[in-house]
Q: 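Let me begin by handing over the structure; questions about it come next.
Positions are given from 1, in the same order as the sequence printed here.
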Amino acid sequence: MTMTEEFHRVDRPETDEQTRAIHRVADAAHRLNEAVQRAVGAGVSVELIRVSRHHSGTGAWGDQLVPTVRETKAPAD
């Protein structure tokens, strides 16, 4: 790159509402997985449990989760 080149903003392509919703869920799941890895690395066990299922009334549904976190017991000497 030379000093005369400039950066230009590139907008995301227009997407429909369903595609944006899928991307939001995928991004959140990725962040959740990273948080689980950090928690496990810190010495706790994490289990995700489905506590309910959300229905749209038009045939769409989605599971809703809650984390159960347990501290790992240190092995006895």
Side-chain angles (χ1 to χ4, degrees):
M1 187 169 105
T2 65
M3 296 301 265
T4 59
E5 292 182 47
E6 294 183 27
F7 288 101
H8 299 281
R9 179 184 173 97
V10 176
D11 292 324
R12 286 187 170 178
E14 288 295 318
T15 57
D16 61 20
E17 184 178 353
Q18 284 184 344
T19 301
R20 287 191 307 272
I22 291 167
H23 288 177
R24 279 194 302 273
V25 171
D27 290 344
H30 179 69
R31 287 191 305 275
L32 174 62
N33 288 333
E34 288 178 334
V36 168
Q37 289 177 350
R38 285 192 301 273
V40 170
V44 295
S45 296
V46 179
E47 180 180 10
L48 301 175
I49 300 172
R50 182 180 75 195
V51 293
S52 65
R53 183 166 278 168
H54 177 74
H55 293 271
S56 68
T58 60
W61 56 269
D63 291 338
Q64 295 183 316
L65 306 173
V66 65
T68 301
V69 180
R70 294 181 181 92
E71 186 175 355
T72 304
K73 303 272 187 205
D77 290 333

Q: So does Gln18 have more than 12 non-hydrogen atoms from other groups sitting under 6.0 Å from CD?
A: no

Q: Just distance, no hydrogens or angles: give the donor-acceptor pairs under 3.5 Å from side chains in residues 19-30, sequence neighbours left out.
A:
residue	atom	partner	partner atom	Å
Thr19	OG1	Asp16	OD1	2.6
Arg20	NH1	Thr15	O	2.4
His30	NE2	Glu34	OE2	3.1

Q: Nearest heavy-atom pair of Ser45 and Thr72: which atoms, and what distance?
A: OG-OG1, 3.7 Å

Q: Determine the sole option in Val66, Thr68, Leu32 for which the side-chain contact (heavy atoms from CB on, under 4.5 Å) test with Leu48 is passed.
A: Leu32

Q: Once you round to the nearest 0.5 Å, how far does CG of Asp63 lie from CZ of Arg53?
A: 4.5 Å

Q: Val46 and Pro67: which non-hydrogen atoms are nearest, and at how many Å?
A: CG1-CB, 4.5 Å

Q: Which atom names give the shortest non-hydrogen contact between Val44 and Glu71, and what distance separates them?
A: CG1-CA, 4.0 Å

Q: Given a cutoff of under 4.5 Å between side-chain heavy atoms of I, L, V, M, F, W and Y, with clusters grown through shared members, what are the other residues clustered with Trp61?
A: none

Q: Please tell me whether Val36 and Val69 are part of a single hydrophobic cluster in this structure, the criterion being side-chain heavy atoms less than 4.5 Å apart.
A: yes

